[in-house]
Visitor: 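Take a look at the following structure, please.
These figures come from a predicted structure and were not determined experimentally. Sequence lines set the chain letters: A, B, ... in the order given, protein chains first and strands last, and positions in each chain run from 1. Basis for what follows: all heavy atoms, side chains included, without hydrogens, waters or symmetry-related copies.
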Number of protein chains: 4
Amino acid sequence: MPAEGGTRRKKAVSELKRQLILDAARRVFENEGLEGASLRAIAQEAGYTPAALYFHFDSREALYAELLSQSLEALKASVDRAVSKADSPVDRLRQAALAFFRFYERSPRDLDLGFYLFRGGMTPEGLGRDRDAELNQRLAVTLQPIADAAIELGVEMDQARRLMADTFAHATGLLLLAHTGRIRIFGVAAAELMRNFVDDQIARLTE
Amino acid sequence: MPAEGGTRRKKAVSELKRQLILDAARRVFENEGLEGASLRAIAQEAGYTPAALYFHFDSREALYAELLSQSLEALKASVDRAVSKADSPVDRLRQAALAFFRFYERSPRDLDLGFYLFRGGMTPEGLGRDRDAELNQRLAVTLQPIADAAIELGVEMDQARRLMADTFAHATGLLLLAHTGRIRIFGVAAAELMRNFVDDQIARLTE
Amino acid sequence: MPAEGGTRRKKAVSELKRQLILDAARRVFENEGLEGASLRAIAQEAGYTPAALYFHFDSREALYAELLSQSLEALKASVDRAVSKADSPVDRLRQAALAFFRFYERSPRDLDLGFYLFRGGMTPEGLGRDRDAELNQRLAVTLQPIADAAIELGVEMDQARRLMADTFAHATGLLLLAHTGRIRIFGVAAAELMRNFVDDQIARLTE
Amino acid sequence: MPAEGGTRRKKAVSELKRQLILDAARRVFENEGLEGASLRAIAQEAGYTPAALYFHFDSREALYAELLSQSLEALKASVDRAVSKADSPVDRLRQAALAFFRFYERSPRDLDLGFYLFRGGMTPEGLGRDRDAELNQRLAVTLQPIADAAIELGVEMDQARRLMADTFAHATGLLLLAHTGRIRIFGVAAAELMRNFVDDQIARLTE
DNA sequence: TATGAATGAGTATTCATTCAT
DNA sequence: TATGAATGAATACTCATTCAT
């Protein structure tokens, strides 16, 4: 048992260190942006040598991927929390969509991260099919409450899926616009447009 | 006349070479993506030494900017062409929005290019305020037909601007989804969703 | 004769252009210093293409050499002027030494230029033996009034030559010290030290 | 102890490698001169990739600065050694001045190095005020024995400082002359002139 | 598990010079 | 005489990654 316990403790310590590195990476990302988040910079922020990170992650891309993974986890938690507080299908739909929007509105670097790695999916090899499939899965699961609520409202599966895609698209489009400052061209506020969009969708489903 | 003609011919040749370099840059962009489009790579594709490009462009960023500029020009031409063929405000609105969408649907690298340089606007200094302001201007002008058509339909200025922003956002969001292959998650087609979105907007304005 | 006259005029024009380029080079040197005085920069200041300068000078080094040559000419003129105003051997000696010092005190870039090309003399090939010998000759001629005055005061040739070398060395040493700001370490003024040095030399010769 | 020993040995090895790079840099400096001493060239001479040097030095300028630092250290040691062997104030003054001269007479590249980095002090920002101030400090400390000896001889502080500056100036002036071969113009020997200069100064102080 | 050292490929840009026109 | 275009070599420096210790 003591040996076993030692092993378990070692694993826990290892897990902790991994997380400390990821936290450091997040900080670098937030402060320096995509371009500045080199492995060197992350290692330094974490108090490590670049070489040391390779004991915890296979490559820089793997580290990034894990960062995105955690980001998506946080996103899902955020959406789920909002949904759980709602008490009607309509409200669940609205809250899920708005929680999604707000999550990225508040931490724009997470959006950058998503764009960066999502784009990777286009390349022939991508980040590996497994990783790509996993990202898709996470995304689908996160947005699922929207489809669920729609179905509760009597909508067909097909239509529910469209709603998910539309909501995702509108939110990310508006966030992009807001995030790059371009939205000022139109003299409007992204959050307000998002609310309107969601209300319109609901109106259409329930009319 | 011979002297003049010589000068004129020289200018034309120079202009042509410039364009050949830009074409090479486009190809590199298409094949290698954002990261791979180094000055070296562009020069090689164009059959030049890196140093030679500096005779034609002030810097790598200047070359990129010109690439984007031409892309936006083509976008505007595409939208204008679609609008000119339409014969009613409703049709003009629809065709403008769909032309915008189709342009980027067909040449996804132009979307990347836009994202790349648009993002520059976020940095404190940006690529220079002038360039940033110019990008905004071009975008506003390109989407203007949408607002014009809406106003013809009796909509307030305020609402027309919202419509522009919403259309831009929805289109880019869907394109991002399509472009990265994520849209498959939802089992829907981006183009169809865009058409539906536009139709919904029109229905709302005209009901 | 018209042909001849045309040739002469052509030569004069050519000479003038050469000089305009050299003037431009001086300005660049003064404003940008040694490092900044690239051929490109000089050409631009002169209103030419870099390539055009090659019709007027064999190489960048040749242009620099000519610049130094003119600088030494101006130095000699400055010394000669001072000497011609003096009315005794002692005064000639003093004025020659001080004029030399003041020339470089006032235009430190000329000193830089001298250092730069003088140093070239060390390299195996140098700027070519001819050029090197010419520089030596110019320097000797410029300082000759010091030796002449010393001889007038009854000093041996040998001693007179020592005096020239010492004066040159002390002046350039002080100028270097002044020019790099190091003289502040000692809390003294270069010009005053130079005056003292000259007075000491004179005292020794005449005592 | 073994662990400690390992660390200590590692540090020693590291220090050694650093020094080997500096030695390589010195050689390049001696053979190729200022302009040729690029980071590439130094790395090659040391048997390294350019990138490897960045592990040992922060930048090319930092490497240069360390080279100069070691040179000044050697200079000071040389002067101190000479002074410690002298047994009277007059002798200390003479030996300090001549040791300074001889140091640079024997290794002219050290003089070049000094000129190169000293000149940095002229530029608005310099190599950083710290570095500049440090250079000044080292120089002052090195020449201090001259001032000390003069004060022992009953000279005022003010006059002692002048003597330091004059000695430095005369020595560097003569060295420049000798070093570039110009001194041949005057048919005299730099070392002899330096001895005479020092003797004259001593005569003046003690008469 | 972590480090120090090293690599090799890469970055944009500058330079003096050449040559056809 | 002058230009526009092009070259080839050079610059310092950064990057992700590897490996012996």
Visitor: For a 4.5 angstrom cut-off between non-hydrogen side-chain atoms, does D:Glu66 reach D:Arg18?
Guide: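 Side-chain contact under 4.5 Å: yes.
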
Visitor: Which part of the nucleic acid, if any, lies within contact of B:Leu39, taking any heavy atom under 4.0 Å across all strands shown: a base, the sugar-phosphate backbone alone, or nothing?
Guide: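 Touches a base.
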
Visitor: Hey, which of these two, B:Arg40 or D:Ser59, hits DNA chain F nearer its 5' end, going by closest nucleotide?
Guide: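 That would be B:Arg40.
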
Visitor: Just name whichever nucleotide pairs with F:dT21, Watson-Crick or G-U, keeping both distances under 3.5 Å, else none.
Guide: E:dA2

Visitor: Please determine if a side-chain N or O atom of A:Lys17 lies less than 4.0 Å away from the OP1 or OP2 oxygen of E:dA2.
Guide: yes

Visitor: For F:dG8, which nucleotide in any strand shown is its Watson-Crick or wobble partner with both distances under 3.5 Å?
Guide: E:dC15

Visitor: Between E:dA12, E:dC15, E:dT13, which one does the side chain of B:Ser38 approach most closely?
Guide: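 Of all the options, the side chain of B:Ser38 is nearest to E:dA12.
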
Visitor: Touch check for C:Tyr54, heavy atoms < 4.0 angstrom, all strands: base, sugar-phosphate only, or nothing?
Guide: base

Visitor: Would one find more than 12 heavy atoms of other residues, nucleotides or ligands at under 6.0 Å from atom CG of C:Asp58?
Guide: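 Not more than 12 within 6.0 Å, no.
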
Visitor: Starting at the 5' end of DNA chain F and moving along, which residue's nearest nucleotide shows up first, C:Ala51 or D:Ala51?
Guide: C:Ala51

Visitor: Determine, stepwise, if the pair C:Tyr64 / C:Phe29 fulfils ring pair (Phe, Tyr, Trp, His ring centres under 6.0 Å).
Guide: CA-CA 10 Å; C:Tyr64 281 15; C:Phe29 244 102; 5.6 Å; yes

Visitor: Contact class for B:Thr49 vs. all strands (heavy atom < 4.0 Å): base, sugar-phosphate, or nothing?
Guide: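 Base, at least one base heavy atom under 4.0 Å.
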
Visitor: Between F:dC15, E:dA2, E:dA6, spot the one nearest the side chain of D:Ala52, thanks.
Guide: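 That would be E:dA6.
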
Visitor: Look at the side chain of A:Ser14 and decide which nucleotide, out of E:dT3, E:dA6, E:dT1, has an atom nearest to it.
Guide: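 Of the options given, the side chain of A:Ser14 lies nearest E:dT1.
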
